[in-house]
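Remarks on the structure that follows.
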There are 2 protein chains.
Amino acid sequence: MDTTPTTCRKPRTDAARNRARILDTALRHFTERGAGTSLEAVAKEAGVGPATLYRHFPTREALLAAALETPAGELLAEREELRAVGDPDEGLRRWLLALERYLSTFTGLPAPVLAALNCDDSPLAMSCQELIGITDEFLATAQQGGTARPAVHGRDLFLAALLLAWTGGAPVDDDALPTLRRLMETGYSTR
Amino acid sequence: MDTTPTTCRKPRTDAARNRARILDTALRHFTERGAGTSLEAVAKEAGVGPATLYRHFPTREALLAAALETPAGELLAEREELRAVGDPDEGLRRWLLALERYLSTFTGLPAPVLAALNCDDSPLAMSCQELIGITDEFLATAQQGGTARPAVHGRDLFLAALLLAWTGGAPVDDDALPTLRRLMETGYSTR
DNA sequence: ACCTGAACACCGTTCAAGT
DNA sequence: ACCTGAACACCGTTCAAGT
């Protein structure tokens with residue numbers, strides 16, 4: 001896990017500072033202008049050359065994954081809370097809501113997440129697999145409790161959350177979305 | 001409907017030829033490289049300057065809408081066929097499949113369609129409203145037949161088809177998609 | 001009325017040169 | 001080892017000049 005280079009000398013401090021600055025600026029730009037925002041503008045505002053940004057984050061997805069670390073931590077914290085929920089159906093439902101909210105952290109995030117879903121080398125893919133695994137856990141509990149259909153997989157529900165996040169990014173501003181959400185919920189529920 | 005300019009003289013023939021060439025090239029590029037393909041490349045291969053392309057199709061969406069005319073015609077033809085289907089549930093289901101296929105005409109088409117869904121001035125929006133209306137008709141028949149829940153709207157099912165087309169564009173290559181489809185179908189069905 | 005090609009502004013990415 | 005700024009290739013969009 002420790003990717004520290006061979007020798008550690010003075011220059012590492014400004015490298016770390018640059019990395020932090022890039023990450024800070026990127027988080028703000030992603031939040032304000034979406035996941036597709038100009039990386040050149042991020043570098044400029046962070047006060048570094050474009051090549052420096054590329055050195056630290058070789059792809060846009062790497063930068064996205066790094067910027068998502070804090071929200072991901074919050075999501076995992078919420079997962080811990082939800083493990084204590086007694087009703088398995090409520091636990092699953094609230095987990096799916098939290099998942100949808102996480103996938104809505106940046107406008108335009110669902111598209112690269114979908115692309116990463118079948119591309120194992122993407123930095124976003126790892127996080128996807130982890131989240132699908134957690135969804136499987138909540139789902140299994142609900143299935144044991146008899147409130148979720150046996151044939152459904154965690155991956156399906158992850159995809160459903162991703163779809164809702166996608167439409168939320170360009171909001172369908174009438175009753176379509178709630179109904180669609182109900183369409184999906186009644187799809188996995190046995191109630 | 002006839003948008004012919006005030007006076008018609010000789011130059012109109014080469015304008016029409018240019019328009020046809022642009023449209024022909026665009027259809028091929030959209031099909032091969034997706035809805036986000038370079039318009040500059042389209043203009044170049046069509047043998048016109050970029051400004052000529054913009055004169056005929058002021059926005060990318062205008063060009064998309066024009067390129068979709070033939071597939072849209074086929075979809076409307078299929079609608080006519082499906083009106084003759086006796087079982088209302090089968091009619092609705094086959095219409096939704098046809099809709100999903102139409103929305104998958106070009107890779108990356110679902111994104112601009114979603115954007116157009118709430119933006120009345122887009123050339124794609126008009127076609128959306130029409131398709132939602134048709135979906136409402138099939139849905140109403142199924143609801144009268146008792147095979148679809150009363151609270152569902154045509155817009156919901158249009159959105160569901162759009163979502164399936166979106167994920168199909170970057171295929172989720174295992175069982176997730178069929179199950180998600182079933183999630184949605186069981187969402188509207190009363191069976 | 002229509003077309004053309006140049007021009008402008010922007011972006012992603014890479015590379016030689018510095019420290 | 002790391003950073004820098006220039007450079008390259010590309011794209012969308014607009015505009016003055018032609019016919």
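Basis for what follows: all heavy atoms, side chains included, without hydrogens, waters or symmetry-related copies. Each chain gets a letter, A, B and so on, in the order its sequence line appears, and its residues count up from 1.
Here Asn18(B) reaches the OP1 or OP2 of dC3(C): one of its side-chain N or O atoms lies under 4.0 Å away. For the OP1/OP2 pair of dC10(C) and a distance below 4.0 Å, the side-chain nitrogens and oxygens of Ser38(A) include no atom meeting the criterion.
In the region residues 49-63 of chain B, proximity to DNA chain D at under 4.0 angstrom, judged on heavy atoms, holds for Pro50(B), Ala51(B), Tyr54(B), Arg60(B).
By the 4.0 Å N-to-carboxylate-O rule, Arg83(B) lies close enough to Glu80(B) to be salt-bridged with it. Between Glu185(A) and Arg181(A), no side-chain nitrogen of the basic residue sits less than 4.0 Å from a carboxylate oxygen of the acidic one, so the salt-bridge criterion is not met. Salt-bridge check for Glu78(B) with Arg101(B): passed, with a basic side-chain N closer than 4.0 Å to an acidic carboxylate O.
Atom C1' of nucleotide dG12(D) and atom CD1 of Ile22(B) are separated by 15 Å, given to the nearest angstrom. In this structure, His29(B) places its NE2 atom 12 Å from P of dG12(D), rounding to the nearest Å. In this structure, Glu45(A) places its CD atom 13 Å from P of dC11(C), rounding to the nearest Å. For Leu39(A) and dC11(C), the CG to P distance is 10 Å, given to the nearest whole Å. Spacing between atom CZ of Arg19(A) and atom C1' of dA1(D) amounts to 16 Å, rounded to whole angstrom units. Whole-Å rounding puts the Glu40(B) CD to dA7(C) C1' distance at 13 Å. For the pair Lys44(B) NZ and dT4(C) C1', the interatomic distance rounds to 14 Å; values are reported in whole Å.
A distance of 11.0 Å separates CZ in Arg93(B) from CG in Leu82(B), rounded to the nearest 0.5 Å.
Linking Ile, Leu, Val, Met, Phe, Trp and Tyr residues whenever their side-chain heavy atoms come within less than 4.5 Å leaves Leu97(A) and Leu68(A) in two separate clusters.
Between Phe138(A) and Trp95(A), the ring planes are parallel. Angles under 30° get that label, and only those over 60° would be called perpendicular. The aromatic rings of Trp166(B) and Trp166(A) lie parallel to each other, their planes meeting at an angle below 30°, with 60° marking the opposite boundary.
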Discussion item. Could you walk me through whether Arg79(A) and Glu137(A) satisfy the salt bridge (Lys or Arg N to Asp or Glu O under 4.0 Å) test, starting with their C-alpha distance in whole Å, then the side-chain angles of each, then the deciding distance to 0.1 Å, before giving a yes or no?
Written reply: CA-CA 11 Å; Arg79(A) 173 243 190 132; Glu137(A) 292 176 15; 2.9 Å; yes
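Annotated stems with DNA chain D as a participant read C:4-8 with D:12-16, C:12-16 with D:4-8, given as range with range, by first number; only runs of 3 or more Watson-Crick or G-U pairs under 3.5 Å qualify.
Sequence order on DNA chain C of the closest nucleotides to Val48(B) and Thr37(A) puts Val48(B) first from the 5' end.
No side-chain donor from either of Thr25(A) and Glu45(A) sits under 3.5 Å from a side-chain acceptor of the other.
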